[in-house]
> 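So that we are looking at the same thing, I have put the structure below in structure tokens.
Reminder, nothing fancy here: chain letters follow the sequence lines and each chain counts from 1.
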Amino acid sequence: MDKAFDPTQVEPRWRARWEELGVGHADASSDRPAFAIALPPPNVTAELHLGHAASFGVQDTLARWHRMLGDEVEWCPGTDHAAIATQNVIERQLAGEGVTKEEIGRAAFDARVVEWYASTGNRIYDQMKALGFTCDWARSRFTLDEPYVRAIRVVFKRLYDDGLIYRGPRIVNWCPRNLSAVSDEEVTWEEHEDTLVELRYPVEGGGSITVATVRPETMLGDTAVAVAPGDPRHRDLVGRTVILPLTGRRVPIIEDEAVEPEFGTGALKVTPGHDATDYEIGARHGLPVLTVISPEGRMDVPELPAFHGLDVVNARTAVTAALREAGVVMGERPYTHEVGHCDRCGEVLEPLVSAQWWVRMAELAAPALAAVEQGRIRFHPERYTASYVSWMRRIRDWCISRQLWLGHAIPVSTCANGHRFAWVDEPMSCPECGDASLTHDPDVLDTWFSSALWPFAIFGWPQDTADLRRFYPTRVLGTGRDIIFLWVARMIMMGLRFTGDIPFSDVLINSTIQAADGSRMSKSKGNGVDPLDMIASYGADAVRAWTAAVGTAGQDMRFDEKRIAAYRTFANKLWNVTRLLLVRLGSADASVIPAPPDVAPADLRVEDRWFLSKLAETVEGVGSAMEQFRFHDAIERLYHAVWDVYCDWYVELVKPRLGSDPTAAWTAVTGLDVLLRLLHPIMPFVTEECAAHLPAAAATLQRRDWPRPPGWWSAPDDAVDAVDELIALAGALRARRQEARVPPREVIEVTLGAGARLLPAADVVRLLEATPMLWARVVDTAPEQATPLRVVAAGAEATLHVATAASASDRAQLEAQRDRVAGRIEQVRGKLRTPGFTEKAPEHVVAGARAELAELEDQLASVERILGEEAA
RNA sequence: GGGCGGAUAGCUCAGACGGUCAGAGCGCCUCGCUUACACCGAGGAGGUCGCAGGUUCGAUCCCUGCUCCGCCCACCA
């Protein structure tokens with residue numbers, strides 16, 4: 001057995017073992033309580049980064065924990081076809097080869113897609129397996145799988161037939177690169193510095209009106225000028241007609257509440273075809289909608305050859321120049337504003353009017369809002385509830401059609417007689433008139449439309465499957481805050497609509513992992529971190545422990561590799577303490593420690609009981625931390641329990657009797673076994689490897705129960721409490737020893753002074769002598785010719801008698817302690833004397849202060865007595 | 001323009017109900033190669049908990065204002 005724990009040796013073995021045993025595979029026919037998580041299907045075009053790891057890591061921890069609690073756990077994995085993102089990737093690949101998708105054709109394009117999915121899909125699963133995730137791989141789903149596609153069509157058709165899906169021309173966020181609409185939620189707003197141009201439009205019959213715009217090129221499509229209702233500056237112009245420069249078109253001056261009188265000149269050029277606000281104004285006033293920009297983002301004004309065909313940026317320059325020449329440009333100044341970009345490709349979006357498919361949201365949103373407001377679905381951290389609620393309350397219709405090659409076809413056809421209908425199975429003829437010349441809708445669905453069905457579609461919906469009955473609703477959804485609207489909200493809406501039940505009860509929002517400098521981790525910046533690299537350096541357990549420590553704060557977190565490294569040493573610690581037990585308790589060549597005989601509680605020594613009481617406390621604390629999704633709390637408690645309590649104190653104190661006293665062996669072995677089980681959901685590999693050397697070994701810790709300590713472990717016991725005091729005394733002795741520069745290993749003799757609250761003398765002697773790095777021998781009487789160094793701590797006092805001490809410091813130390821204690825006494829007395837404290841503070845706080853004061857006074861008395869004795 | 005989150009040791013972060021909460025890991029300093037572990041052990045230094053007010057017997061924790069940083073939402077062109 002190697003001294004150092006080597007994850008690379010151990011991990012593949014346990015991964016294979018879990019796979020063989022089918023740990024992750026759920027049995028829908030079992031009678032255990034169900035616990036299901038639908039893994040957020042990663043975008044197939046992405047590889048996992050640390051952010052995914054943080055979110056998925058805690059999901060596996062929950063899955064493993066619930067298995068140990070006796071639940072039938074279904075953690076269903078899958079991947080998402082991510083239509084728009086994938087199409088972008090493939091198109092970029094093609095561009096690199098100097099061809100376009102149109103040139104290679106649809107079939108070749110589809111082949112490329114399939115190939116791409118196969119390669120990246122596997123990569124993601126490999127990463128997840130490397131982290132030890134126990135997903136139910138056999139049930140894994142892909143959103144392009146046939147049954148899944150069917151579920152989508154069923155949903156679409158039902159919504160269509162219920163009148164909740166409609167098609168119609170409206171202004172949309174149009175991506176000129178993808179040549180597709182995108183929804184409002186897929187717009188990224190970025191600050192742009194542009195020029196705000198003021199244009200003076202002549203008014204028919206004399207006068208003029210000046211408007212301000214950052215998009216002069218759109219003036220070719222103006223169909224009105226609007227002013228704020230009742231604006232005195234423009235009152236006489238309302239109802240008159242503007243003659244537009246360049247086009248000569250005559251458009252009305254109207255009043256509309258959307259106009260901010262404070263902004264610019266208080267007059268707004270209205271371009272319903274190319275601005276969302278203007279579109280609404282136009283709708284209110286029945287203005288014509290002119291389209292002057294093509295889907296490709298080029299000016300579409302054949303009647304104006306000077307501008308026709310220019311892209312919008314050049315058109316802006318050209319139009320502005322022409323307007324300048326016409327003498328209507330009254331001012332130009334720099335102006336910073338927000339411009340919408342395609343969140344997939346980064347292209348500046350062009351608002352334009354186009355016929356798209358929409359989902360009416362009001363009816364879907366109402367129950368989804370209620371489910372959260374009533375607390376049937378809870379967000380963690382809770383604050384995300386508020387943003388969900390406010391978004392939900394002013395939800396707008398959802399544009400679900402995309403003009404892409406890749407994705408789920410919109411299942412709608414139209415016959416030659418103009419009958420339009422939605423279908424589930426591809427139709428051969430019109431159900432209404434029987435006409436067989438059908439035209440299929442050319443568009444595909446927004447990827448998020450299919451994702452919205454994830455929690456029930458993965459279990460076979462719309463079939464009434466055993467899986468669906470058993471595992472839906474799921475319990476926990478872990479995801480990032482950036483897709484609360486895009487995905488979480490829509491799953492809730494669709495879940496309620498189509499299953500009548502919430503899709504999950506708890507939404508865990510994971511932390512956002514930033515680069516070390518606080519910037520966003522991204523592939524393009526090259527500052528992303530691959531979990532596999534971290535696994536290679538520190539082991540999967542360390543990465544997972546880190547995800548527990550940082551994963552669910554719901555907070556931005558700067559990545560600090562040192563924190564992962566810390567958990568590697570922790571795994572190593574665990575491994576080595578296991579080795580210690582093996583060395584001390586195992587037979588010569590055995591790799592498993594024989595089971596120590598059961599013990600009667602009365603046979604245990606006080607330090608054993610002390611440890612078991614700490615352990616019971618840990619079980620309790622870790623359990624409640626896990627219940628509340630406080631994984632950082634769980635890992636911190638375990639780290640402390642393993643390292644400080646078990647390794648540094650209990651094991652050290654018990655070493656002298658470990659080989660000879662079966663009760664010590666029982667406690668040490670039982671304790672480690674409990675700790676390993678507690679830690680297993682977070683750090684599965686090292687805990688399995690260690691547990692395999694313990695007598696209670698099972699094929700996997702996943703088949704062991706979550707620890708439930710018997711009541712006597714935590715029974716109140718003064719002697720057990722006294723061990724804490726003894727440890728404090730031992731610590732103080734070590735400190736005094738080092739302060740006095742007693743050379744290491746030089747045995748000091750210790751006499752015990754007043755120590756009424758400590759243990760029986762025999763225990764004190766035994767435990768002090770077992771304390772490592774103290775090298776103490778407890779004697780009854782002070783030896784001659786040795787310098788006494790007095791220590792007062794935790795209600796006891798002791799004296800070190802040392803031969804080679806720099807003893808002059810003793811008195812100074814005691815005086816310093818006296819001053820410190822006296823100072824603290826003053827503080828506490830001051831608090832007790834504060835007017836109102838004793839009357840208004842709760843009883844236990846007052847009692848606590850009095851108890852502290854009494855203890856401090858005791859301590860001060862001891863110190864002063866010793867100082868007095870020395871002076872005498 | 002609204003809203004939310006953060007500001008705690010040199011660094012990265014914990015701090016449930018306001019009163020043993022001033023903490024952890026790393027880093028730093030001093031000792032120590034003690035047969036579980038140098039991926040170690042022992043000891044130690046280091047913080048007026050962003051700033052200013054307020055509420056309270058008492059505030060890192062509550063309220064108000066302010067200053068930085070980040071995010072979300074929003075039809076001022």
> Classify A:A566 by what it touches in the nucleic acid, base, sugar-phosphate, or nothing, heavy-atom distance under 4.0 Å.
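Sugar-phosphate, no base atom in range.
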
> If you compare every side-chain N and O of A:R584 against the phosphate oxygens of B:A36 (OP1, OP2), does one of them come in below 4.0 Å?
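It does, given that an N or O in the side chain of A:R584 lies less than 4.0 Å from OP1 or OP2 of B:A36.
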
> For A:R383 and B:C4, what is the distance between atoms CZ and P respectively, to the nearest whole Å?
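Taking CZ of A:R383 and P of B:C4, I get 11 Å after rounding.
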
> Have a look at A:P842 and say if it touches a base, only the backbone sugar-phosphate, or nothing, with a 4.0 Å heavy-atom cut-off.
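Base, at least one base heavy atom under 4.0 Å.
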
> Students often get this wrong, so: under 4.0 angstrom with heavy atoms, is A:E338 touching a base, only sugar-phosphate, or nothing?
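Answer is base: heavy atoms of A:E338 come under 4.0 Å of a base.
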
> So what does A:D648 touch, heavy atoms closer than 4.0 Å: a base, only the sugar-phosphate, or nothing?
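Sugar-phosphate: the residue A:D648, judged by heavy atoms under 4.0 Å, touches backbone atoms but no base.
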
> In terms of side-chain heavy atoms of A:D560, which of B:G25, B:C57, B:G32 is nearest?
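Of the candidates, B:G25 comes closest.
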
> When the C1' atoms of B:U67 and B:A52 are considered, how many whole Å apart are they?
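Straight-line distance between the two C1' atoms is 11 Å.
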
> Counting only heavy atoms not in A:E839, do more than 12 fall under 6.0 Å of its CD?
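Counting other residues, nucleotides and ligands, CD of A:E839 exceeds 12 neighbours.
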
> State which of B:G70, B:A77, B:C37 makes the closest approach to the side chain of A:N576.
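My answer, after comparing the listed nucleotides, is B:C37.
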
> Please give the distance between the P atoms of B:A36 and B:U30 as a whole number of Å.
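Pairwise P distance, B:A36 against B:U30, rounds to 28 Å.
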
> Pairing check on B:C17: which nucleotide meets the Watson-Crick or G-U wobble criteria with it, both distances under 3.5 Å?
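Answer to the pairing question: none, since B:C17 forms no Watson-Crick or G-U pair.
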
> Would you mind reading off the distance between A:I748 atom CD1 and B:G43 atom C1', rounded to a whole angstrom?
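Distance check: A:I748 CD1 to B:G43 C1' gives 14 Å.
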
> Which is it for A:W391 and A:F485 under the ring-ring contact (aromatic ring centres under 6.0 Å, His included) test, yes or no, and what are the steps along the way?
CA-CA 8 Å; A:W391 183 77; A:F485 306 146; 4.8 Å; yes

> Name the nucleic acid region contacted by A:K269, choosing base, sugar-phosphate or nothing; use a 4.0 angstrom heavy-atom cut-off, strictly under.
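Since no nucleic acid heavy atom lies under 4.0 Å of A:K269, the category is nothing.
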
> Taking atom P in both B:C57 and B:G50, compute the distance separating them and give it to the nearest angstrom.
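Looking at atom P only, B:C57 and B:G50 are 25 Å apart.
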
> Only counting residues at least two apart or in another chain, list the ones meeting side chain to side chain contact (heavy atoms under 4.5 Å, CB included) with A:V669.
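Result, side chain to side chain contact (heavy atoms under 4.5 Å, CB included) vs A:V669: A:L581, A:L585, A:I593, A:P596, A:P695.
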
> Over all strands shown, is A:T213 touching base, sugar-phosphate only, or nothing at heavy-atom distances under 4.0 angstrom?
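Sugar-phosphate contact only - A:T213 comes under 4.0 Å of backbone atoms but never of a base.
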
> Using Watson-Crick or G-U wobble geometry with both distances below 3.5 Å, tell me the partner of B:U67, or none.
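With both distances under 3.5 Å, B:U67 matches B:A7.
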
> Looking at B:G1, which nucleotide sits across from it as a Watson-Crick or G-U wobble partner, both distances under 3.5 angstrom, or is there none?
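Checking every strand shown, B:G1 finds its partner in B:C73, with both distances under 3.5 Å.
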
> If you measure from the Lys or Arg side-chain nitrogens to the Asp or Glu carboxylate oxygens, is any gap between A:R170 and A:E280 under 4.0 Å?
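No.
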
> Using a distance-only criterion (donor-acceptor N/O pair, under 3.5 Å, no hydrogens), is the base of B:A38 paired with the side chain of A:K3?
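It does not, because no donor-acceptor pair links the side chain of A:K3 to the base of B:A38 below 3.5 Å.
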
> Would you tell me if any nitrogen or oxygen in the side chain of A:T512 comes within less than 4.0 Å of OP1 or OP2 on B:G70?
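For A:T512, the contact criterion (side-chain N or O under 4.0 Å from OP1 or OP2 of B:G70) is not met.
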
> Want to settle it: does A:W643 or A:V583 sit nearer the 5' end of RNA chain B, counting the closest nucleotide to each?
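The residue mapped nearer the 5' terminus is A:V583.
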
> May I ask which nucleotide in the shown strands pairs with B:G46, Watson-Crick or G-U wobble, both distances under 3.5 Å?
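Partner of B:G46: none found under 3.5 Å.
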
> Which value, in whole Å, describes the distance between the C1' atoms of nucleotides B:C62 and B:C49?
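Straight-line distance between the two C1' atoms is 16 Å.
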
> State whether A:E852 and A:R824 are salt-bridged, where the test is any N-O pair (Lys NZ or Arg NE/NH1/NH2 against Asp/Glu carboxylate O) under 4.0 Å.
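Salt bridge between A:E852 and A:R824, a charged N being under 4.0 Å from a carboxylate O: yes.
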
> Pairing check on B:A38: which nucleotide meets the Watson-Crick or G-U wobble criteria with it, both distances under 3.5 Å?
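Per the H-bond distance test, none.
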
> Mapping A:V187 and A:L268 to their closest nucleotides on RNA chain B, which lands nearer the 5' end?
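Going by which nucleotide is closer to the 5' end, it is A:V187.
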
> Does A:R568 reach a base, just sugar-phosphate, or nothing at all? Heavy atoms under 4.0 Å.
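It contacts base atoms.
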
> Check whether any side-chain N or O of A:K573 sits under 4.0 Å from OP1 or OP2 of B:G41, and answer yes or no.
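Answer is yes, contact under 4.0 Å.
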
> Could one point to a donor on the side chain of A:Q738 or the base of B:A42 with an acceptor on the other under 3.5 Å away?
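Between B:A42 and A:Q738, which were checked side chain against base, a qualifying N/O pair under 3.5 Å is present.
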
> Expressed in angstrom and rounded to an integer, what is the separation of A:R520 atom CZ from B:C69 atom P?
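Distance, rounded to whole Å: 17 Å.
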
> May I ask you to say what A:R215 touches in the nucleic acid, namely base, sugar-phosphate or nothing, with a heavy-atom cut-off under 4.0 Å?
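No contact at all - A:R215 keeps every heavy atom at 4.0 Å or more from the nucleic acid.
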
> Strictly by Watson-Crick or wobble contacts shorter than 3.5 Å, is anything paired with B:U56, and which nucleotide is it?
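Check on B:U56: unpaired, no WC or wobble geometry under 3.5 Å.
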
> Would you measure the distance from the C1' atom in B:G23 across to the matching atom in B:A9 and give it in whole Å?
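About 10 Å, rounded to a whole number of Å.
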
> Is there a side-chain contact between A:R777 and A:I748 (heavy atoms, below 4.5 Å)?
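Side chain of A:R777 against side chain of A:I748, heavy atoms only: no contact under 4.5 Å found.
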
> How long is the straight-line distance from CG of A:L774 back to CZ of A:R734, given to the nearest 0.5 Å?
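A:R734 CZ to A:L774 CG: 7.0 Å, rounded to 0.5 Å.
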
> Does A:R741 pair with A:E746 as a salt bridge, N-O distance under 4.0 Å?
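Not counted as a salt bridge, because no side-chain N and carboxylate O are separated by less than 4.0 Å.
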
> With a 4.0 Å cut-off on heavy atoms, is A:V846 in touch with a base, just the backbone sugar-phosphate, or nothing at all?
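If one applies the 4.0 Å heavy-atom cut-off, A:V846 turns out to touch nothing in the nucleic acid.
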
> Less than 4.0 angstrom between a side-chain N/O of A:R563 and OP1 or OP2 of B:U12, yes or no?
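For A:R563, the contact criterion (side-chain N or O under 4.0 Å from OP1 or OP2 of B:U12) is not met.
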
> Is the shortest side-chain N to carboxylate O distance from A:R481 to A:D556 below 4.0 Å?
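Yes, this pair counts.
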
> What's the gap between B:G5 and B:A14 when it is taken at their P atoms, as a whole Å value?
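Result for the P pair: 15 Å, nearest Å.
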
> Report yes or no: is there a donor-acceptor pair, N or O only, under 3.5 Å between the side chain of A:E262 and the base of B:A77?
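In this structure, the two groups form no donor-acceptor pair.
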
> Check every strand shown and say whether A:Y538 touches a base, only sugar-phosphate, or nothing at a heavy-atom separation below 4.0 Å.
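Here A:Y538 touches no strand at all.
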
> Taking any heavy-atom pair under 4.0 Å as a contact, classify A:A735: base, sugar-phosphate, or nothing.
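Touches sugar-phosphate only.
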
> Identify the nucleotide, in any strand shown, that forms a Watson-Crick or G-U wobble pair with B:C33, with both distances under 3.5 Å; if there is none, say none.
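With both distances under 3.5 Å required, B:C33 matches none.
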
> Without decimals, in angstroms, what is the distance between A:R745 CZ and B:A42 C1'?
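From A:R745 CZ to B:A42 C1': 13 Å.
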
> Rounded to whole Å, how long is the line connecting atom CG of A:D6 with atom P of B:A36?
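The distance from CG of A:D6 to P of B:A36 comes to 21 Å, rounded to the nearest Å.
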
> Within 90° of 0 counts as syn, otherwise anti: where does B:A22 fall?
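With its glycosidic angle more than 90° from zero, B:A22 counts as anti.
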
> Just compare B:C73, B:U34, B:A14 and give me whichever is closest to any side-chain atom of A:F485.
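Looking only at side-chain atoms, A:F485 lies closest to B:C73.
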
> With respect to the phosphate group of B:G25, does any side-chain polar atom (N or O) of A:H640 fall under 4.0 Å of OP1 or OP2?
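Checking A:H640 against B:G25: no side-chain N or O falls below 4.0 Å of OP1 or OP2.
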
> Taking atom P of B:C13 as reference, at what distance in whole Å does atom CZ of A:F559 sit?
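Whole-Å distance recorded here is 12 Å.
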
> What interatomic distance, in whole Å, is found between P of B:G46 and the corresponding atom of B:C39?
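Pairwise P distance, B:C39 against B:G46, rounds to 29 Å.
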
> What is the separation between atom CZ on A:R481 and atom P on B:C73, rounded to the nearest whole Å?
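These atoms are roughly 11 Å apart.
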
> Phosphate oxygens OP1/OP2 of B:U12: is one of them under 4.0 Å from a side-chain N or O of A:R558?
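Looking at the OP1 and OP2 atoms of B:U12, one of them is under 4.0 Å from a side-chain N or O of A:R558.
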
> Which of these nucleotides, B:G25, B:U34, B:C75, is closest to any side-chain atom of A:A258?
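Output: B:C75.
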
> Return the value, rounded to whole Å, for the distance between atom CD of A:E190 and atom P of B:C71.
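Roughly 11 Å, once rounded to whole Å.
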
> Would you mind checking if A:D231 and A:R233 are paired as a salt bridge, meaning a charged N to carboxylate O distance below 4.0 Å?
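Looking at A:R233 and A:D231, the cut-off is met.
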
> Taking O4'-C1'-N9-C4 for purines and O4'-C1'-N1-C2 for pyrimidines, is B:C63 syn (within 90° of 0) or anti?
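Glycosidic conformation of B:C63: anti.
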
> Over all strands shown, is A:E652 touching base, sugar-phosphate only, or nothing at heavy-atom distances under 4.0 angstrom?
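Here A:E652 touches the bases of the nucleic acid.
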
> Think A:R396 has a side-chain N or O under 4.0 angstrom from the OP1 or OP2 of B:A74?
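So the side chain of A:R396 is within the cut-off, an N or O lying under 4.0 Å from OP1 or OP2 of B:A74.
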
> If the C1' atom of B:C51 is compared with that of B:U60, how far apart are they to the nearest Å?
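One C1' to the other, the span is 14 Å.
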
